[in-house]
Amino acid sequence: MTTLTDLYPSRGAAEVSVPRQDPVVWGAPDAPGPVAPADLESYERDGFLAIEQLIDDDEVALYHSELERLVSDPAIRADERSIVEPKSQEIRSVFEVHKISEIFARLVRDERVVGRARQILGSDVYVHQSRINVKPGFGASGFYWHSDFETWHAEDGLPNMRTVSVSIALTENYDTNGGLMIMPGSHKTFLGCAGATPKDNYKKSLQMQDAGTPSDEALTKFASQHGIKLFTGRAGSATWFDCNCMHGSGDNITPFPRSNVFIVFNSVENLAVEPFAAPVRRPEFIGARDFTPVK
């Protein structure tokens, strides 16, 4: 366990609610970058920023083809970085994809991507986590409501809320195929979940979230206060969101797949320490310990 002051206690005997202690936008409002000042204000207020087209159709085709290549490769399936659906045993996610694939590594270095992360976080950044998510039709399971920071703080040792994620759609996001849902403004309150972290919790949580899930009462209060925003959009659209946003996604029972590439950038001034509420760190392919800035 770390000896640093824990600003965000979690995984104790009772659920706790703590006001956010950190900025949302760390960079100066007039700092140069691809995000317009009005969009930074929106991100500060809501905790997310939706972009109608981050990458073009040719790029979507390239990245989707690479996704299909990876999930159909028997060697990738046998790799511990691949997570499968509990029922169908189909690949659900492939982690550390920017180290597995040079094509996705180039996407991480793309200024349209990393430039926004630097602007929001006000520093150089490294990749805390990357993955491709595959949500095929006819029964792919969703992700229950959670704050990523609650897990990254408790189990990976990120001290502060200086982390931003981007989900780039590689297929159409309809309002019916299990799209991302966020409670706007929920990033301003940290919800510390009740219950100790089991050893090797990640082996279960990557398939079905358990430890680190809020109570029904807390979720009802959050939803009543903030509402719920569902993100739709064509392939090539993207959603940037703060690490402490309460978010989730439903099952996909439609015939239409929903796949995306998901990249988490953390500030080089917010390096991971020992976990704040877990017996051991998660593996490096889930919570990086390589803090090399993206260049």
Side-chain angles (χ1 to χ4, degrees), residues 27 32-36 39 43 48-73 75-76 79 81-83 91-121 123-136 143 148 152 162-173 179-180 231-243 247 249 257-268 284-288 290-295:
V35 186
D39 288 335
Y43 181 86
F48 60 80
L49 177 63
I51 300 172
E52 290 186 7
Q53 185 177 33
L54 181 68
I55 57 175
D56 63 30
D57 291 346
D58 289 341
E59 292 172 304
V60 168
L62 171 67
Y63 296 126
H64 191 269
S65 175
E66 179 70 350
L67 178 148
E68 292 291 341
R69 182 188 72 81
L70 292 173
V71 300
S72 61
D73 184 341
I76 297 296
D79 194 297
R81 292 173 287 188
S82 291
I83 310 301
I91 288 182
R92 173 189 180 103
S93 300
V94 179
F95 281 78
E96 215 170 44
V97 70
H98 71 295
K99 292 191 175 182
I100 293 174
S101 164
E102 176 54 33
I103 288 176
F104 283 115
R106 290 200 299 269
L107 177 63
V108 166
R109 297 191 297 266
D110 191 308
E111 190 60 25
R112 294 169 295 177
V113 177
V114 69
R116 284 178 165 86
R118 293 191 191 106
Q119 192 177 359
I120 291 169
L121 300 181
S123 69
D124 279 335
V125 297
Y126 71 93
V127 177
H128 177 70
Q129 185 186 105
S130 73
R131 66 179 188 259
I132 47 174
N133 292 322
V134 185
K135 209 169 191 180
F143 289 89
D148 286 330
W152 298 339
R162 200 170 179 178
T163 313
V164 63
S165 302
V166 60
S167 174
I168 305 172
L170 300 181
T171 54
E172 184 89 8
N173 283 277
L180 173 68
F231 293 88
T232 59
R234 57 173 294 183
S237 62
T239 305
W240 291 84
F241 60 102
D242 180 82
C243 58
H247 67 287
S249 63
R258 176 184 171 261
S259 299
N260 68 297
V261 54
F262 182 76
I263 307 163
V264 180
F265 294 101
N266 187 40
S267 169
V268 296
E284 290 196 23
F285 69 85
I286 302 173
D290 177 357
F291 308 131
T292 304
V294 177
K295 297 294 186 183

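Index from 1, following the sequence.
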> Sequence neighbours excluded, which residues qualify as ring-ring contact (aromatic ring centres under 6.0 Å, His included) partners of Trp240?
Replying inline: none
> Ser82 and Ile91: which non-hydrogen atoms are nearest, and at how many Å?
Replying inline: OG-CD1, 4.2 Å
>> If the condition is side chain to side chain donor-acceptor pair (under 3.5 Å), which residues does His98 pass it with, not counting sequence neighbours?
In response: Ser130
> Looking at Val127 and Ala288, what are the two nearest heavy atoms and their distance?
Replying inline: O-CB, 3.3 Å
>> List the residues meeting salt bridge (charged side-chain N to carboxylate O under 4.0 Å, His left out) with Asp56, not counting sequence neighbours, and say none if there are none.
In response: none
> Quick one: side chain to side chain contact (heavy atoms under 4.5 Å, CB included) partners of Pro136, sequence neighbours excluded?
Replying inline: Glu90, Val134, Ala140
>> Tell me if a side-chain donor or acceptor on Ser249 pairs with a main-chain N or O of Phe143 at a distance below 3.5 Å.
In response: yes
> What pairs with Arg118 under side chain to side chain donor-acceptor pair (under 3.5 Å), at least two apart in sequence or on another chain?
Replying inline: Glu111
>> Using the salt bridge (charged side-chain N to carboxylate O under 4.0 Å, His left out) criterion, which residues pair with Glu102? Sequence neighbours excluded.
In response: Arg109
>> So, using side chain to side chain contact (heavy atoms under 4.5 Å, CB included) as the criterion, who are the partners of Arg234 when residues are at least two apart?
In response: Gln53, Asp57, Glu172
> Between Ser267 and Leu121, which heavy-atom pair has the shortest distance, and what is it?
Replying inline: N-CD1, 3.9 Å
> Under the side-chain contact (heavy atoms from CB on, under 4.5 Å) criterion, do Tyr63 and Ile103 qualify, and how do the steps go?
Replying inline: CA-CA 7 Å; Tyr63 296 126; Ile103 288 176; 3.5 Å; yes
> Of all heavy-atom pairs between Cys243 and Arg162, which one has the smallest distance, and what is that distance?
Replying inline: SG-N, 4.4 Å
>> Less than 4.5 Å apart, side chain to side chain, heavy atoms only: is that true for Phe104 and Ile263?
In response: no
> Partners of Tyr126 by side chain to side chain donor-acceptor pair (under 3.5 Å), sequence neighbours excluded?
Replying inline: Asn266
>> Evaluate Lys295 against Val114 for side-chain contact (heavy atoms from CB on, under 4.5 Å), listing each step before the verdict.
In response: CA-CA 9 Å; Lys295 297 294 186 183; Val114 69; over 6 Å; no
> Donor-acceptor pair, Ser101 side chain versus Val97 backbone, under 3.5 Å?
Replying inline: no
>> Can you list everything that forms a side chain to side chain contact (heavy atoms under 4.5 Å, CB included) with Ala61? Sequence neighbours excluded, please.
In response: none
> With sequence neighbours excluded, what pairs up with Arg69 under the side chain to side chain contact (heavy atoms under 4.5 Å, CB included) test?
Replying inline: Glu66, Asp73
> Looking only at atom types and distance, does a side-chain atom of Gln129 sit under 3.5 Å from a main-chain N or O of Ile286, one as donor and one as acceptor?
Replying inline: yes
> For Glu284 and Glu96, which heavy atoms make the closest approach, and how far apart are they?
Replying inline: O-OE2, 3.9 Å
> How long is the gap from CG on Leu49 to CD1 on Ile120, to the nearest 0.5 Å?
Replying inline: 6.5 Å
> Do you know which of Ile100, Ile168, Val261 makes side chain to side chain contact (heavy atoms under 4.5 Å, CB included) with Ile132?
Replying inline: Val261
> Relative to Phe262, does Arg131 satisfy both conditions: NZ or CZ under 6.0 angstrom from the six-membered ring centre, and within 45 degrees of the ring's axis?
Replying inline: yes
> With sequence neighbours excluded, what pairs up with Arg112 under the side chain to side chain donor-acceptor pair (under 3.5 Å) test?
Replying inline: Glu59, Asp110
>> Suppose we screen for ring-ring contact (aromatic ring centres under 6.0 Å, His included). Which residues come up paired with Phe48, at least two apart in sequence or across chains?
In response: Phe231
> Do the side chains of Val113 and Phe265 get nearer than 4.5 Å, heavy atoms only?
Replying inline: yes
> Has the side chain of Thr171 got a donor or acceptor atom that lies under 3.5 Å from a matching backbone atom of Ser259?
Replying inline: yes
> To the nearest 0.5 Å, how far apart are OG in Ser165 and CG in Leu180?
Replying inline: 10.0 Å
> Is any side-chain heavy atom of Tyr43 closer than 4.5 Å to a side-chain heavy atom of Asp242?
Replying inline: yes
> If you look at every heavy atom in Leu67 and Leu170, which pair is closest and at what distance?
Replying inline: CD1-CD1, 3.9 Å
